[in-house]
Amino acid sequence: MSSPTQHKIHVGVLGATGTVGQRFIQLLDNHPYFHLAALGASESSAGKSYKDAVRRRWKMTTPIPADVAALPVTLCAPEHFASCRVIFSGLDSSVAGDVERAFFTAGFAVFSNARNYRMDPDVPLIVPTVNPDHFDIIPHQRSARSLGRGFIVTNANCSTTGLVVPLKALQDAFGPIDSMFVHTLQAISGAGYPGIASLDICDNVVPYISGEEDKLEIEPCKILGSLSPAKSDHVFTTTRISATCNRVNVVDGHLENVSLSFVNRPPPSLDAIARALSAYTCEATQLGVPSAPLHPIEVTDEEDRPQPRLDRERGKGMTVTVGRIRKDPVLDVRFSLLSHNTILGAAGSSLMNAEIAFKKGLLA
Ligand SMILES: NC(=O)c1ccc[n+]([C@@H]2O[C@H](COP(=O)([O-])OP(=O)(O)OC[C@H]3O[C@@H](n4cnc5c(N)ncnc54)[C@H](OP(=O)(O)O)[C@@H]3O)[C@@H](O)[C@H]2O)c1
């Protein structure tokens with residue numbers, strides 16, 4: 001009798017030893033659609049069993065799944081992933097460009113966390129609880145790049161991801177957002193492993209994250225925009241965004257303080273805003289994919305929430321928590337949001353994107 005794993009789609013993880021890679025391995029354990037069949041990392045890990053490659057570096061709070069512990073780690077080359085249809089990439093951006101291209105041109109479906117292809121006009125930048133309709137650009141990408149069965153889908157920077165979920169709910173309910181200030185307090189795990197030195201972050205806040213503010217000021221405009229009528233390009237929103245990013249002494253969970261104004265006047269009431277956020281539903285939930293949260297957004301009225309330690313696990317890390325909704329004395333409204341940076345903000349979004357791609361028939 002055949003084992004159930006033979007009926008699942010075989011997947012590989014690139015950058016499997018890193019912070020995002022480890023989260024992929026945790027989230028793929030016993031996945032109903034996908035079977036983890038191959039692992040890739042750098043020369044320093046290749047040739048070892050996964051357990052040996054992450055010795056003293058495994059940072060998940062659950063053990064390494066037994067079948068994964070024994071898997072060999074290989075170099076990130078397509079020939080080592082021949083049994084896989086899907087590739088999840090948690091590669092460092094310094095190598096992701098060439099490596100991911102080798103995979104999608106070789107016919108793999110690539111779901112990337114790296115920044116390299118995010119802004120390419122034919123590459124969708126998809127937050128699964130926001131804009132899975134952008135998968136409609138894949139036929140154009142395949143023909144423009146002569147890819148056959150291959151394609152690449154990216155997910156957003158971790159702080160962008162948490163931000164765009166409530167923005168989407170507000171845009172759907174009240175029309176376009178004119179301008180916005182966002183001030184982030186980002187967790188240490190967002191910098192990967194080993195990341196920022198303990199002597200730099202203990203008892204401290206670092207008001208600089210390289211490249212982060214630029215990403216936060218442009219990625220939402222692609223994600224919250226639409227595809228062109230021919231589904232061959234992206235039409236960006238014209239929201240003006242001013243971002244300030246800080247690294248804080250928290251392990252997981254990005255907190256963001258947002259002030260914004262709408263194009264339409266008069267602006268909605270605070271009650272209407274809270275209702276729109278709570279009522280928001282998304283295609284991923286309607287499709288019933290395994291990683292979709294029941295509630296993409298949860299609104300809290302406790303005056304000192306959301307907080308990273310208390311709210312990051314909501315919806316198994318796939319829900320964004322919004323609180324402190326109040327009038328802004330300069331713009332229209334302000335609020336705080338909290339999202340899990342390595343689940344919704346990274347591996348979880350890639351995984352949910354692949355589940356949606358499966359439902360849409362793109363993994364055939
Ligand atoms: N951490 C987050 O919250 C987060 C959120 C969203 C997006 N991202 C993005 O996700 C990606 C991974 O981030 P991370 O935080 O997981 O970083 P990380 O902990 O530093 O892990 C990097 C991974 O890349 C591998 N790697 C490095 N150089 C390589 C090479 N030359 N060839 C093959 N593999 C190589 C490493 O393998 P070895 O262990 O063998 O060196 C490791 O598996 C980055 O592009 C990052 O910007 C991260």
Side-chain angles (χ1 to χ4, degrees), residues 12-27 38-60 71-78 80-81 87-103 110-118 125-128 152-164 184-196 209-212 214-216 219 245 247-248 250-255 308 312 317 339-353:
V13 174
L14 308 180
T17 50
T19 302
V20 174
Q22 292 185 19
R23 188 64 78 181
F24 272 126
I25 283 156
Q26 184 191 52
L27 295 176
L39 303 169
S42 77
E43 276 180 356
S44 64
S45 303
K48 298 176 181 167
S49 68
Y50 187 70
K51 186 178 170 195
D52 285 340
V54 294
R55 194 170 293 280
R56 293 194 302 277
R57 288 202 288 161
W58 178 257
K59 301 298 172 194
M60 298 296 107
L71 275 182
V73 179
T74 69
L75 292 175
C76 295
H80 302 305
F81 292 76
I87 296 296
F88 293 110
S89 173
L91 283 175
D92 191 83
S93 60
S94 61
V95 293
D98 290 344
V99 174
E100 291 174 356
R101 186 185 310 108
F103 278 88
V110 176
F111 294 84
S112 171
N113 282 273
R115 66 167 187 265
N116 306 62
Y117 293 99
R118 281 183 196 151
L125 176 55
I126 299 181
V127 173
I152 180 166
V153 170
T154 58
N155 45 278
N157 173 264
C158 41
S159 49
T160 300
T161 300
L163 176 64
V164 293
T184 71
L185 299 102
Q186 298 183 219
I188 303 166
S189 62
Y193 187 80
I196 189 165
I209 303 174
S210 175
E212 198 80 354
D214 293 342
K215 293 177 205 160
L216 207 44
E219 289 180 5
C245 297
R247 187 74 70 197
V248 299
V250 164
V251 173
D252 287 319
H254 290 353
L255 187 68
R312 63 194 169 205
S339 61
H340 198 302
N341 55 295
T342 68
I343 304 182
L344 184 68
S349 270
S350 274
L351 179 58
M352 210 193 310
N353 279 341

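Whatever order the structure lists ligands and atoms in, that order sets their numbers, starting from 1. What's counted below: heavy atoms across the whole structure, side chains too, no hydrogens, waters or symmetry copies. Residue numbers count from 1 along this sequence.
From the protein, the heavy atom lying nearest to atom 43 (O) of ligand 1 is Thr17 OG1, 2.7 Å. In terms of protein heavy atoms, atom 9 (C) of ligand 1 is closest to Asn113 O, 3.5 Å. The nearest protein atom to atom 11 (C) of ligand 1, hydrogens excluded, is given as Leu91 O, 3.2 Å; this is a heavy-atom distance. In this structure, the protein non-hydrogen atom closest to atom 20 (O) of ligand 1 is Tyr193 O, 3.7 Å. Of the protein's non-hydrogen atoms, the one nearest atom 23 (C) of ligand 1 is Gly90 O, 3.7 Å. Scanning all protein heavy atoms for the shortest distance to atom 15 (O) of ligand 1 gives Gly192 CA, 3.0 Å. For atom 41 (O) of ligand 1, the closest non-hydrogen atom of the protein is Ser42 OG, 3.1 Å. Scanning the protein heavy atoms around atom 24 (O) of ligand 1, the nearest turns out to be Asp92 N, 3.6 Å.
A donor-acceptor contact shorter than 3.5 Å links the side chain of Thr74 to the backbone of Leu39. For the pair Arg247 (side chain) and Ala187 (backbone), a donor-acceptor distance under 3.5 Å is present. In this structure a side-chain-to-backbone donor-acceptor pair under 3.5 Å is missing from Tyr117 to Glu100.
Checked by atom type, the side-chain pair Asn155/Ser350 shows a donor-acceptor distance below 3.5 Å. A donor-acceptor pair shorter than 3.5 Å cannot be found between the side chains of Arg118 and Thr154.
Looking at heavy atoms from C-beta onward, Lys215 lies out of side-chain contact with Cys158 at the 4.5 angstrom threshold. Residues Ile25 and Trp58 have side chains in contact (heavy-atom distance under 4.5 Å, counting atoms from C-beta outward). Residues Asn341 and Gln186 fail the side-chain proximity criterion, which asks for heavy atoms closer than 4.5 Å. Residues Phe81 and Leu14 meet the side-chain proximity criterion, which asks for heavy atoms closer than 4.5 Å. Side-chain atoms of Thr160 and Leu125, non-hydrogen and from C-beta on, never get closer than 4.5 Å to each other.
Taking every non-hydrogen atom of Ser45 and a distance limit under 4.0 Å, the qualifying atoms of ligand 1 come out as 38 (P), 39 (O), 40 (O). Atom numbering of ligand 1 starts at 1 in the shown order; those under 4.0 Å from a heavy atom of Ala346 are 5 (C), 6 (C). Close contacts between ligand 1 and Ser189 involve ligand atoms 1 (N), 2 (C), 3 (O) [criterion: under 4.0 Å to a heavy atom]. The contact set between ligand 1 and Ala41, taken as ligand atoms under 4.0 Å from a residue heavy atom, comprises 33 (C), 34 (N), 37 (O), 40 (O). Ligand-side atoms of ligand 1 in range of Ser93: 45 (O), range being under 4.0 angstrom from any heavy atom. Close approach of ligand 1 to Gly345 (heavy-atom distance below 4.0 Å) involves ligand atoms 5 (C), 6 (C). Of all atoms in ligand 1, listed by their number and element, those nearer than 4.0 Å to a heavy atom of Val95 are 29 (C), 30 (C), 31 (N). Set against the non-hydrogen atoms of Ala114, the atoms of ligand 1 under 4.0 Å away are 45 (O).
Annotation: the span from Leu216 atom CG to Thr161 atom OG1 amounts to 10.0 Å, rounded to 0.5 Å.
For a threshold of 3.5 Å applied to N or O pairs, the pair formed by Asn157 and ligand 1 contains no separation below that value. For Ala191, no nitrogen or oxygen atom sits less than 3.5 Å from a nitrogen or oxygen atom of ligand 1, counting backbone and side chain alike. Residue Thr342 places no N or O, backbone or side chain, under 3.5 Å from any N or O of ligand 1. Residue Arg57 has at least one N or O atom closer than 3.5 Å to an N or O atom of ligand 1. For ligand 1, the polar-atom distance check finds an N/O of Gly15 within less than 3.5 Å of one of the ligand's N/O atoms.
Considering every non-hydrogen atom in both Val127 and Asn353, the closest pair reads C-OD1, 4.4 Å. For His254 against Gly190, the heavy-atom pair with the smallest separation is CE1-CA, 4.4 Å.
Within the 4.0 Å cut-off (strictly below), no protein heavy atom is located near atom 46 (C) of ligand 1.
The part of Ser44 lying near ligand 1 is the side chain, judged by heavy-atom distances below 4.0 Å. Counting heavy atoms under 4.0 Å from ligand 1, residue Val20 touches it through both backbone and side chain.
Using a 4.0 Å cutoff on heavy atoms, Ala96 does not count as a contact of ligand 1.
Using a 4.0 Å cut-off between a side-chain N of Lys or Arg and a carboxylate O of Asp or Glu, Arg23 and Asp252 qualify as a salt bridge.
Phe88 and Phe111 have tilted rings, their planes meeting at an angle from 30° to 60° on a 0 to 90° scale.
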